[in-house]
6 protein chains.
Amino acid sequence: MDLPINNLGVVKRNIVRADPAAVDKLARFGVATIHEAMGRVGLMKPYMRPIYPRAAICGTAVTVLLQPGDNWMMHVAAEQLRPGDVVVAACTTDNEDGFFGDLLATSFQARGAKGLIIDAGVRDVTELEKMNFPVFSRAIHAKGTIKATLGSVNIPVVCAGAIVNPGDVVVADADGVVVVPAAIAQQVADAAEKRESFEGEKRAKLAAGVLGLDMYSMRGPLEKAGLKYID
Amino acid sequence: MDLPINNLGVVKRNIVRADPAAVDKLARFGVATIHEAMGRVGLMKPYMRPIYPRAAICGTAVTVLLQPGDNWMMHVAAEQLRPGDVVVAACTTDNEDGFFGDLLATSFQARGAKGLIIDAGVRDVTELEKMNFPVFSRAIHAKGTIKATLGSVNIPVVCAGAIVNPGDVVVADADGVVVVPAAIAQQVADAAEKRESFEGEKRAKLAAGVLGLDMYSMRGPLEKAGLKYID
Amino acid sequence: MDLPINNLGVVKRNIVRADPAAVDKLARFGVATIHEAMGRVGLMKPYMRPIYPRAAICGTAVTVLLQPGDNWMMHVAAEQLRPGDVVVAACTTDNEDGFFGDLLATSFQARGAKGLIIDAGVRDVTELEKMNFPVFSRAIHAKGTIKATLGSVNIPVVCAGAIVNPGDVVVADADGVVVVPAAIAQQVADAAEKRESFEGEKRAKLAAGVLGLDMYSMRGPLEKAGLKYID
Amino acid sequence: MDLPINNLGVVKRNIVRADPAAVDKLARFGVATIHEAMGRVGLMKPYMRPIYPRAAICGTAVTVLLQPGDNWMMHVAAEQLRPGDVVVAACTTDNEDGFFGDLLATSFQARGAKGLIIDAGVRDVTELEKMNFPVFSRAIHAKGTIKATLGSVNIPVVCAGAIVNPGDVVVADADGVVVVPAAIAQQVADAAEKRESFEGEKRAKLAAGVLGLDMYSMRGPLEKAGLKYID
Amino acid sequence: MDLPINNLGVVKRNIVRADPAAVDKLARFGVATIHEAMGRVGLMKPYMRPIYPRAAICGTAVTVLLQPGDNWMMHVAAEQLRPGDVVVAACTTDNEDGFFGDLLATSFQARGAKGLIIDAGVRDVTELEKMNFPVFSRAIHAKGTIKATLGSVNIPVVCAGAIVNPGDVVVADADGVVVVPAAIAQQVADAAEKRESFEGEKRAKLAAGVLGLDMYSMRGPLEKAGLKYID
Amino acid sequence: MDLPINNLGVVKRNIVRADPAAVDKLARFGVATIHEAMGRVGLMKPYMRPIYPRAAICGTAVTVLLQPGDNWMMHVAAEQLRPGDVVVAACTTDNEDGFFGDLLATSFQARGAKGLIIDAGVRDVTELEKMNFPVFSRAIHAKGTIKATLGSVNIPVVCAGAIVNPGDVVVADADGVVVVPAAIAQQVADAAEKRESFEGEKRAKLAAGVLGLDMYSMRGPLEKAGLKYID
């Protein structure tokens with residue numbers, strides 16, 4: 001088949017989703033912990049915010065590339081959704097129109113989707129909260145969109161500064177959104193678990209008044225770096 | 001009378017407010033629905049946000065043009081308020097000072113005002129929430145203002161990118177702020193009602209798993225546009 | 001001792017904190033009132049926002065100057081904290097990384113700190129709310145930081161546009177953040193009290209329908225300035 | 001004829017352009033002077049910048065309302081242009097795509113247009129400078145647009161915060177863009193001339209070392225306001 | 001070899017650069033034309049601007065992933081440069097520090113590099129212009145950086161919203177920056193050539209006064225879409 | 001004398017200016033070099049840009065604190081200027097109005113001022129360039145200001161994120177603006193000179209193809225940090 005050089009106008013049907021066990025395990029950890037477990041990469045930009053308090057998502061990415069002011073591809077994406085998926089929508093240019101509202105959310109939810117990450121605007125946010133359909137977006141905007149130009153579904157996209165491949169795990173909570181490549185999902189989940197296992201002890205020590213200066217043995221390095229105490 | 005060429009220093013007392021029945025009807029619909037009913041125009045920019053959750057407003061505009069760092073005209077506007085009005089305040093330049101707080105809100109509320117839309121900053125937001133006085137603003141800022149320079153009341157203003165004429169209907173909810181010209185308020189309310197009447201059926205179908213692709217008969221147009229499915 | 005010309009790499013141990021009685025008194029007033037009592041100065045920029053609803057802080061500043069992407073000095077600051085202190089953290093350049101999370105908060109809280117004001121990002125915001133540890137920041141961001149470069153503790157800093165000297169009183173609520181120099185804390189608290197004592201009467205009058213135009217005797221000055229009423 | 005309630009999809013052919021003599025006279029003054037002559041109103045927001053140094057425009061507005069990512073209406077506008085016109089383009093939502101390039105400029109220039117003011121992006125800026133076709137825009141962006149959705153030509157628009165009616169005079173220079181309503185163009189031109197006639201004398205005095213404090217008799221008012229000199 | 005899961009701390013030495021003939025051909029076209037030839041994808045965000053007028057670049061990407069406030073990897077990248085390369089630098093977080101100045105430029109230029117694309121800040125811009133070393137950046141900032149933390153060289157990066165793989169062709173001019181994947185460089189160059197070959201004729205027609213409405217046969221579609229002309 | 005607690009409404013006449021020899025020496029170095037010589041502090045934020053190419057300033061600060069939309073204090077400042085001074089203007093809130101134009105520049109220049117640094121807007125920029133009066137500002141805006149509220153002259157101010165005391169040396173060039181405290185001006189000038197003396201040799205080596213990796217002996221530390229080369 002003669003595919004376009006730019007990947008536009010393409011829907012990939014068969015994508016390799018991350019292992020469900022790894023996704024489930026990742027769901028137990030916060031975004032900050034997961035991103036640390038990956039070595040401090042994979043975060044979307046901090047302008048991506050939940051549209052209501054306590055919204056949280058963990059699932060496998062079905063990606064969408066939108067055109068400005070046009071949400072046609074969101075309907076195309078709906079058909080590709082499987083239970084446990086998260087729609088990750090990018091746009092070919094910065095645009096804060098409301099590409100998504102309660103009707104599309106009803107459709108996505110009916111297909112088993114766990115939420116939406118969109119580097120653009122959404123609307124009907126009161127209804128979305130009532131539906132318990134979590135969304136992380138760059139804006140809330142009532143502005144409606146048209147259905148006139150092709151984008152793509154399930155191609156690699158850049159969403160809010162992060163590369164997202166279809167099937168990757170996307171985790172979102174109050175601290176932001178992180179993308180875990182499908183191939184390393186289990187490895188990252190394990191590293192997150194390990195990291196978190198150390199935190200309880202640290203927290204107890206700090207709560208008891210032990211200083212990080214001592215707990216992390218920082219006094220020597222600080223002195224060596226030249227830190228001076230004065231009165 | 002010799003009026004200034006720039007409309008500054010003017011208070012228009014008699015304005016034509018939208019028909020109360022139309023205002024009441026518009027209050028039943030969300031901002032997204034109303035803006036769609038108007039053909040996707042009339043929205044303020046999405047940086048206008050409610051200062052507390054679930055704030056919502058629907059009423060007739062009394063407009064104010066402010067000078068930077070100066071809220072004198074807000075007091076002049078108070079006298080022009082009638083029950084059911086909404087104050088819509090613009091500024092001659094971008095300025096996030098706190099032009100409005102709980103004292104002015106007490107005065108506006110005593111006059112029957114239903115809320116404030118201001119393309120600038122406000123303060124005392126905790127008290128405003130307690131008073132149940134809804135405000136949509138571009139910023140929250142404690143910075144106080146002076147009373148030294150004339151602006152105007154009830155002239156046409158541009159507020160957050162939208163033209164507002166005194167008497168227009170202004171509707172605000174979690175999705176943003178929309179302005180409906182007084183002359184078409186009833187027509188827009190009817191169109192909103194009609195639009196919403198279709199939504200229940202659509203929602204039920206989508207909830208049952210019908211795809212938008214089929215419900216909206218998009219498959220043909222998508223194929224014609226060149227959409228390609230790959231595996 | 002040979003101090004660096006730029007104050008970097010310095011920790012000042014003995015700082016003069018504002019009088020506790022003045023701090024306690026200031027805690028009774030809102031940020032807007034305090035800033036008015038100071039003559040409308042001392043505010044941080046309005047991009048500083050609480051990370052959870054109803055967060056509020058009043059305490060004496062322990063200042064920190066951070067390097068981009070590096071939170072080493074936060075640990076150094078912990079040791080300098082006394083009950084009633086507030087950490088005020090600035091950075092040598094604009095940076096929204098998450099310099100602070102629940103572990104540091106545990107340590108700060110164990111030392112008696114009342115909160116954090118940081119012109120940068122923080123993370124673990126759900127946990128911080130559960131801990132009831134208030135934070136005002138420019139961003140929420142999961143991005144972790146390193147510990148490699150010296151900054152300083154308890155030097156004068158510019159935080160979100162405001163000069164903060166160690167020991168100054170910092171007050172934060174839903175309206176923003178204000179800094180009261182230690183030397184005038186009592187004077188400002190008294191002025192705030194006086195200012196607020198007038199507000200009850202004003203509020204009652206306005207609630208009864210008296211206009212600010214009359215209560216503040218504005219009609220004469222407005223007429224003199226040239227205000228014109230038209231029909 | 002049954003017109004849409006939202007003015008979309010409409011082209012008004014006969015517009016009342018400002019008097020050519022007034023336009024010519026306004027062309028002699030800078031944007032700052034003209035806006036002062038109007039009493040400090042009529043300016044677009046300062047993010048509107050020339051795409052090349054020394055670009056300047058003065059002409060009568062042919063207005064365009066664009067849809068995001070869609071420049072169809074620019075072609076419709078071309079037909080409505082007469083010598084001396086300036087195209088003023090707004091968009092129904094914030095969008096920085098490149099709606100305009102050298103081909104459209106060639107067409108506009110062939111129709112006698114004097115330039116473009118656009119609250120969006122443009123491209124081919126090197127060619128536009130070579131063509132000596134001045135443009136003031138909010139962005140420079142290579143991103144192309146489609147031709148799919150109707151907007152309007154020659155309806156009132158809000159462009160970068162300013163109301164522009166077709167036929168109004170638009171003046172742009174290095175200080176920004178100002179809109180002069182057609183009905184007061186001559187009056188404003190006269191006021192600008194008068195204002196400028198005073199400037200030469202003032203400049204000479206100031207150049208000779210006379211202080212504004214004395215030239216404008218500010219010492220009394222400053223003292224009365226409470227200004228204190230200390231040593 | 002045991003590689004890190006996050007690709008940090010890695011330098012890839014052997015990369016597949018785009019075919020030199022394709023690069024040379026792409027250099028003949030502007031960014032807007034190339035991006036159109038690709039179907040309107042591949043652009044960086046429009047905040048990327050040249051640091052001096054008439055700066056332009058076309059070459060093969062050597063990619064760098066930086067840490068905030070740390071330019072260590074720029075030195076590592078220098079060694080990987082071959083004549084005709086362009087350094088494309090991204091950062092793990094938004095940061096406007098001056099990661100690059102005239103000394104690094106001297107080194108890059110000595111290695112044959114044709115310029116720098118950096119989603120961060122640079123300094124010594126006067127010297128860079130004198131050296132004729134073109135740079136496109138998000139900011140100009142004198143702020144210096146440290147050398148403490150590993151990033152990577154020649155891994156895929158997201159730079160200003162665009163995915164860049166090492167070896168891709170990067171073209172920058174006054175209209176922005178576009179990335180052409182190495183595998184389709186020749187195909188895109190050919191499409192750009194074809195596209196441009198049509199432009200001369202169009203330009204001549206438009207210059208002669210032919211309207212785009214007629215040249216592109218838009219009148220029918222506009223009428224069908226409902227466009228109304230009124231007087 | 002009874003001074004206001006907030007320093008507003010005060011003009012300090014006798015300020016201690018930095019030593020002229022130190023100022024002259026600092027004028028020989030660029031902003032990046034001086035800020036490095038101070039240990040990477042003292043910079044204003046990078047949004048401060050020259051209003052015309054090749055603008056550069058080095059002089060002693062006369063500080064001004066402005067109120068939003070009000071340039072009264074600029075006239076008060078003019079009287080305090082001595083040859084070699086630079087006016088550094090901050091505002092009590094973010095405001096981009098045009099506080100300064102060619103008339104004030106004429107006055108400042110007549111008093112011997114070398115330029116203006118203003119964290120706000122200016123206008124008449126074409127004339128300012130013709131007058132060769134350099135200005136660094138956050139915006140260019142034609143919007144005029146009033147003269148109604150007191151600010152201060154020669155108090156410490158925060159300008160674009162930097163503390164400036166009257167008499168400090170302010171240096172501005174294409175890379176930004178740096179503030180050198182008067183007390184360390186000579187020390188910083190000497191350090192800048194020393195720093196620059198090393199640059200020529202480095203530049204020559206790099207131009208000859210020596211890598212920074214070798215010149216700075218980075219290979220060991222990079223390996224120790226874990227850098228891996230792959231093919």
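In the text below, chain A, chain B and the rest are named by the order of the sequence lines, each starting its count at 1. As the structure is a prediction and not an experimental result, all values here were calculated from the model.
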Side chain from CB out, backbone as N, CA, C, O: work out which of these in E:T92 comes under 4.5 Å of a heavy atom of chain C, or both, or neither.
-> both
Using a cut-off of 6.0 Å, state whether more than 12 heavy atoms not belonging to C:R82 lie near its atom CZ.
-> no
Spatial distance of atom CG (C:D70) from atom OG1 (E:T149) [nearest 0.5 Å] = 8.0 Å
Of all heavy-atom pairs linking E:H141 and C:T93, the shortest is NE2-OG1, 3.8 Å
Against chain E, work out which of C:N95, C:D97, C:D94 has the most heavy-atom pairs shorter than 4.5 Å and name it.
-> C:D97
Taking every non-hydrogen atom, the tightest pair across C:A148 and E:A148 = CB-CB, 4.1 Å
